[in-house]
Every structure is written in C-alpha cells, then in structure tokens.
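I have placed the structure first, in the form of structure tokens, so that the comments after it can refer back to it.
In what follows, chains carry the letters A, B, and so on, assigned in the order in which the sequence lines appear, proteins first and then strands, with residues in each chain numbered from 1.
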There are 2 protein chains.
Amino acid sequence: MADERTKYLLTEDRIPTHWVNIAPDLPGDPLPPLNPRTGEPAGPEDLTAIFPMALIGQEVSREPEVEIPDEVREAYRLWRPTPLYRARSLEKAIGTTAHIYYKYEGVSPAGSHKPNSAIPQAYENAQAGVRKLVTETGAGQWGSSLAFACARFGLECEVYMVGSSYDQKPYRRSMMQTWGATVHRSPSNRTESGRANAEHPTGSLGIAISEAVEVAAQDPETNYSLGSVLSHVCLHQTVIGQESIAQMEMAGEEPDVVIGCVGGGSNFAGMAFPWLRRNLRDGATTRLVGAEPTACPTLTEGVYGYDFGDTSGLTPLLPMYTLGHDFVPPPVHAGGLRYHGDAPVLCAAVRAGLIEARAVRQNPSFEAAVLFARTEGIIPAPEASHAIRVAIDEANEAREAGEERVILFNLSGHGHFDLSAYDAYLAGDLEDPEFDRSGVEAALAKLPQNVPALD
Amino acid sequence: MADERTKYLLTEDRIPTHWVNIAPDLPGDPLPPLNPRTGEPAGPEDLTAIFPMALIGQEVSREPEVEIPDEVREAYRLWRPTPLYRARSLEKAIGTTAHIYYKYEGVSPAGSHKPNSAIPQAYENAQAGVRKLVTETGAGQWGSSLAFACARFGLECEVYMVGSSYDQKPYRRSMMQTWGATVHRSPSNRTESGRANAEHPTGSLGIAISEAVEVAAQDPETNYSLGSVLSHVCLHQTVIGQESIAQMEMAGEEPDVVIGCVGGGSNFAGMAFPWLRRNLRDGATTRLVGAEPTACPTLTEGVYGYDFGDTSGLTPLLPMYTLGHDFVPPPVHAGGLRYHGDAPVLCAAVRAGLIEARAVRQNPSFEAAVLFARTEGIIPAPEASHAIRVAIDEANEAREAGEERVILFNLSGHGHFDLSAYDAYLAGDLEDPEFDRSGVEAALAKLPQNVPALD
C-alpha cells in the first residue's frame, strides 16, 4: 500500500557509501577497449597521459562495489540525496491508475546528474596533483558541472564548447565562467585540431573532444575529463539508483518498470544498474527501459561493434552499439542525446537482454514535457523529456491492459537553459525528424576493420 | 553545540499549518490605506473589483494566525519545506568563526519564493469563481510564479511584462508560456494605459501595473494579482521563517542575526516576521536586517509617508517609506529590488525600531555572489546577493569584534535567468551607481498632499 507523501527525502547520512560496479554481474567476460593502431586490448598505459590512475582503476575494476571517498561524499552533501517524487498531479491529468514516481537530479548546482561524476573526477585529479582539467561540452551541462567541481577542489578548468552552443547558449558559458572556468569557442585557434577545422561554421562535439584531448596530452599537469560513456562515469552515477531503491522502500512500492533517457548512457546507467543488480542477485523482475531519440537511435537501430568514442578517431576503440563515429544526427534539442554510441557497459547489458530500449520522437517528448511542467511544476530538460514520454506511454499501456503498474523514471535535469526549444514547440515550429538510415549506412561503412566483428 | 550536517530538511508534514500575521503584534494601531480621492481610509469596497474577499480578509486581518487551506498546503508539497543549509564552504573561504546558515527558496518551480504567494492567490481566486488572473512582471519572477500557480488551479493567466525585460529575458517569457500563460509586451495596444504610453521605449513597472489593473477592473471574471508589498503577500511568505525556526532548532543553534533582501519586502517579511514574533513574545533578541540596494534605498533613505503603490497613481495610498512613486532607480540588475516603496507592515516594523536596514552597492553584492557560487555551488539571484553581502559583512564584523556569531539569511532565488548580469560583473563592466538624491527630491515633492503627514 503506497503512502500519501508527495516526495521522499533521505537525510544526508543516507548518501551511498559505495558506487555500484555492475561489470562483474554481467554474463561472460567483458570485452576490452582496443588500441586502434594495434587492434590489441588497450592497457592503463594507453590512458595515463590524460587520466589519473585512480580513475583508470575504477574504469577497469571488477570489484562489485567501489568505496566513495569521504571528500566526495562531503561535496555530494551540497545537493544529495536528491528527492524522489510521486507524480500525483500528472497521474490525475492523464487519468491513470498507474503510480508514477520520479527521481529528480535537477537539484544539483549545475541542474542535472552530471556533477555526480564531475565531483569524483575533480577530486581524484586533485589528489593526483593535477593542476588543470580540460574538457569539451556540447549543450553545456557537462562543462558547467566540471567547472563547479573544479572550483570545489581548487583546480583550473578549461572548456572547449561546441561553437553553435557557444553562440546560442551564452548563459551556459556565463555559468561556467561564474564558477571560474575558462571557456573557448570550438573550433579554436589554440590547438592543431581546432586550426585544422578553422572553417567549420558550428563546430562539433568531435572537434571539441579532439581539442580538449590534445591540450591534456601535451601538459603533464593537465588532464582530460569525460562526462559520459566510460565505465567510471557510469559507476559514479549509481548514487542515483541506490537512493531511489531506498526511497521506493519509503514509499512502500515496488516499481514494475524503471526508465531513463540515454545519450552516452550515464544517467540511465546510474539509475538502472542498482536495480539491475537487484534483478540479477535478488530475483527481482523490474523492467529497465532506456529512452533514446528517434533521430539518434543507437540502442534500437545501431550495430554492435568496435568503434571510436569520438568523431576524429583519437580514442581507444570501444565495444558498443554505434551508428558510426561520423554519423551526424539531426539537430534535435536534446543535445545530450545526440551521441553516435553508448556506454560499453550499458550496451553489454542491452545485448544480454537485461535492459530494453525504446526510441521517442521529438514532438511527443515535448508534448509530455509541457504536460509535466503544467502538472508537476518542473520544466524538464529536453533529454529527460524522453523518459517522461515513455513513462506516460507505460501508464497508458497499463490502462489499456487493465493492469496496475508502478513506474519510476529519472528526471535527469531541468530545462532552464533550453527554453528556446519550448518556444519552438509551443509555436508549432519544432521539427520532428525521422531516423535517417542513409547517413548511418555511410557512417557504418567506416567502422574500423582491423578488429573483431561483434554483431 | 552545532551538529555536523550540511543541510536541514523537514518532511512535508512539517509544512506550516498557519501563516503568521505580525500586524497585531506591532505597537499602536495600524495606519489604514487611504482612498486617494477622498483621503479617507480605504475599505474592502475599494478592492473588490480586483481582489476576492478571502484575500481582502487576509489583507486586513487582526488574527495572529491565518490557517493555510489544505489545497494550498498540498500544492506547497511540490517544493516545500525548502532546505536550510550551513554554508560550511563559504565560512572556510572567508576564514570566519561565525556560523552562516541560509534558507534556500530557489528550489520552487519558478526558482524563488514567489510561488509561496502565487499559489494561495490563485487558489482563493479559483474558489471565488474567477476565470482569469492578470498581473504585471518586471524581471519575470512573479509572472512565472503566477503562471505556474494558475496552471495548478485551472485559471487563465495574462501577464504584462515590462518591455525591456520582454526583450532582454526571452526565457522568462518562454517559462510563463510553457506554464500556459499569455504574455504581452508592455506598453501594449490592448489597454488605455498602454496606448497612452505607446511611445515609451522600454516600458516600466508602473505602466505594466496600470495595464493589468485596467484589464482586471473591466471584466467581472478577471482579477488582479500582486506579488509583493501588500499585507496578504507578506503573510503568505511567512512559511519561510516558520520553517527556518524549526530548522535552526534541528541545527541546535540560535541565530544572532537574520537577513533578507528587500524590494517590495515580501521575502524578507516572510523570513523575518516569525522571528520577530519570537522577539516580541518570547523575549528572544535576534537582530533582523533588511538588505536593500544603494541605488534604491527605500528604508535607509526614504521618507515615511502616504504614497501610491504604483507609478501611475491608480492604487490606494499606502503608509510606507518611499522614494516617491515616480522615482526611477538606476537600472541595477536586481530588478526585483527596484521599487520606490516597501510593504507597509514591514515599514511599520522598521519605524518601530524592531527591524534594521542596510544599503548595499551593486558590485560588492556581485562579489559576494560569485564567492558564494564558487563555494556553495548555487548561483544566486542578484536580489538575494544583497543578503549574502550583508551576511559576509556580519561575519567579518564578528571576527573584528572577537565574537562568535550565528548568521542566518534567506537565499530567495537562483540566478539562472540573470547570467548576463554575471557576464557584465566578470568582465568588469558592471556599473555601481550611487544613490541619486536629486531624483528623489523631485519625486518626493509630488507626494499626495491631501493626507496626514507621517514623518
């Protein structure tokens, strides 16, 4: 029997003490990343120029739990534990007998789940004596989170921001600068990669990554930092799912389905992996559903194979569902979901049939977001709106099936810096691109050939 | 002995059941508002064309407590109780032995304390059968809060937004539209007041109020709604102070000083009045300090007298500290503090020596805001930064005096829609206007003469 509360709060002594490493729970041996030159498994030495050993250790760990350092838990206390809500007004508006809950990560300083990983990354780099972190940012969520985290641990922060975002989202840039970061429009004239693409009108995430990696690789006191995809990033995000398990216990309910949006995969992994462990170890049967944009449907339409993590081909090769590393998705407003691949650890779970994926069109996701804003009050980030859409669809399916259903989704961030997208939607001007397979076929043809085929 | 927590959370059953009405605690009989035509006390009949009786009753109530309707408490549960934080990182950065706490109202959907009053105003109007609320907004905080509240209670919402803000803050407009409100640039061609000022390049709060009042007065199904100054608005905000008393008890500390920023006065009144009642009834000696901008120093430099609440002279005359109803403050970024008067009930408490006021320059307030963002993570609204400045000054004064001091301030909102002001500050381009007494002398000369002098 559910109780009557609207929100479920945990005191800060309930911030998890460990991160959940799902890797040892997954069936079979893990596929290693590969060195693109040799085709052989990449070792720590392929990463030490840009990452500290502590994070490399987390990246390859086979321990089921990784202890969270005290200093990280201390910083988490600024906004964690995050609240979990029962969406009573939304339920009423759609006339469902389903119970809908959401975990809200938008209460962090940067407005999304991203600081969950920015804080431990900044901490471990500071511990390793690193002076500066450099990163790229597309929509600006990751860059602002890392700027905040670097301010916390006394590191310099340099951000290469995709040119089109730099021009269109000046407030995200201001936010980073307020936290003390230096922000460059990418392509810049500060790097080889930037100068080689100087004529590119908007820049791209691929170019920005290349610029950031290049800067980090050249200075021993400077490291690189990535906000999704890698295993240690997914690991850090598991505070979300662990807290949500405790909060659903407070609510006295067992979710039938847990939902999150998927770009690089970190917020969904962070939400889903603790629930997945419960499925695998305790015999729970919670369905886990990743919501991705139809315009960039990596998990639902991609090929499983080794591909680069970046567009320019600088990173190790990662085993993942991919649309091809130079696939350019249509410019949907959920910038954080426009990634050609997905976290290898998440892809392995999907491939093993442990996690489902569903693709969502842009306009129906905004329709869900506006309904959510008018009922629950929070204006969601366009990325998170994909999860809301699937949650509402699940509720409607439950009604049609005559079932009770308990639905939990991760509201990964607020949309305070995405309101121009709402403008376009409300004006009826929002494009609703279908999946363009022709672009994918060309991109997939360029997959590296010197590595094992997986699909 | 203070405990070790960073934040103090209350469960939603601790949302206050009553609002605190400070009026009966203040010395002497209250000064009534006056009808500007007759110079006689204004009665309910002067207000029924634009306000529902329930709010008029709250406006003039002499009851020490006013019960909060269940439906309002239910809506408050979306974000209340708000957290109270110990600013441990800020304390460390400024090297103080003072303990600094802040109550954070930016967790509301609109990002400030304003929904605390928008919700009960929308509720009482819906109860009275009103179909639509119309209001003005300057910076956009109030308009977006009322848009959210109207969505909650099924009312239409129409907002006249000051032209310069409409042009400069498109995201605040988008936010209102996302919640379903209709937003007009003011001056508009929809009202006499707008057409009479059609040539005004930027509009003003005075013109926008006139447009909103005019629309409300003409349609029996439409009412007007105001976001500050009036007694019922201050009343609604006292949930802030009541929660903060419970949270300081959790922290095991007694504040020596409680601080808030003052524009029309509602967030400071909401914070301070429950503490003031404790001073007056329980013998506590907490100092209460209002922080206002040097550019618009109503409490510290104004004249105590009867004046109009709006620039155009449409409202009843209110007894308050005023800089004159047609004083135009310099364009400081804390738009919410650019008001010529202050809430009469707050002014009465200041006049009685129960509350202090202090004026703060714009650049030192931004300096405090940036330090706060880099230590505590939250980017404050420019208005709230005035309270942070005074809190830091109090901590520094305590160190110089060799005193322990426990400081509590209200962080009334976040600055996600004010980042252009941070840009200007960080670039060194922010003006730091002094108080321009010449403008005030001219404005004060126009105070109504047919009413009793108070000063």
Does a side-chain heavy-atom distance below 4.5 Å link [X] with [Y]?
| X | Y | result |
| --- | --- | --- |
| B/Glu243 | B/Arg14 | no |
| B/Lys114 | B/Ser108 | no |
| B/Leu10 | B/Gln247 | yes |
| A/Ile68 | A/Thr17 | no |
| B/Val72 | B/His236 | no |

Subject >> Contacts of residues 364-383 of chain B with chain A (heavy atom under 4.5 Å) >> reply: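 The stretch touches chain A at B/Val370, B/Ala373, B/Arg374, B/Thr375, B/Glu376, B/Gly377, B/Ile379.
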**OP:** Spell out the residues in residues 144-155 of chain A that have some non-hydrogen atom less than 4.5 Å away from a non-hydrogen atom of chain B, in order of number; otherwise answer 'none'.
**Re:**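 So the qualifying residues are A/Phe148, A/Ala151, A/Arg152.
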**OP:** Evaluate whether atom CD of B/Gln127 has more than 12 neighbouring non-hydrogen atoms of other residues, nucleotides or ligands under 6.0 angstrom away.
**Re:**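 Result for CD/B/Gln127: enclosed.
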Does any heavy atom of chain B fall under 4.5 Å from the side chain of [X], the backbone, both, or neither of them?
| X | value |
| --- | --- |
| A/Tyr171 | both |
| A/Leu78 | both |
| A/Ser89 | side chain |
| A/Arg173 | side chain |

Subject >> B/Lys132/B/Glu158 ion pair, N-O < 4.0 Å >> reply: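 Yes, this pair counts.
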**OP:** Give a yes or no on whether the backbone of B/Val239 and the side-chain of B/Asn116 come within a donor-acceptor separation of less than 3.5 Å.
**Re:**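 No; judged by distance alone, with no hydrogens or angles, the pair does not exist.
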Original post:
Checking A/Glu91 side chain against A/Ile100 main chain: does a donor-acceptor pair fall under 3.5 Å?
Top reply: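 The answer is yes, because a donor-acceptor pair under 3.5 Å joins these two groups.
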Subject >> Nearest-0.5 Å distance, CZ of residue B/Arg172 to OH of residue B/Tyr166 >> reply: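 So the gap between those two atoms works out to 16.0 Å.
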**OP:** Any chance you could measure B/Gln121, atom CD, to B/Thr135, atom OG1, to the nearest 0.5 Å?
**Re:**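 Rounded to the nearest 0.5 Å, the CD-OG1 separation comes out at 8.0 Å.
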Original post:
For the ring pair A/His416 and B/Phe417, is the centre-to-centre distance below 6.0 Å?
Top reply: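 Yes: the rings meet the under 6.0 Å criterion.
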Original post:
Nearest heavy-atom pair of A/Met176 and A/Thr137: which atoms, and what distance?
Top reply: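 Heavy atoms of A/Met176 and A/Thr137 come nearest at CE-CG2, 3.8 Å.
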Top contributor to chain B contacts, counting heavy-atom pairs under 4.5 Å, from [options]:
| options | value |
| --- | --- |
| A/Lys7, A/His414, A/Glu74 | A/Lys7 |
| A/Ala110, A/Pro109, A/Pro83 | A/Pro109 |
| A/Tyr425, A/Tyr422, A/Trp179 | A/Trp179 |

**OP:** Identify which of B/Val107, B/Leu9, B/Thr178 forms the greatest number of heavy-atom pairs closer than 4.5 Å to chain A.
**Re:**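 Ranked by contacts with chain A, first place is B/Thr178.
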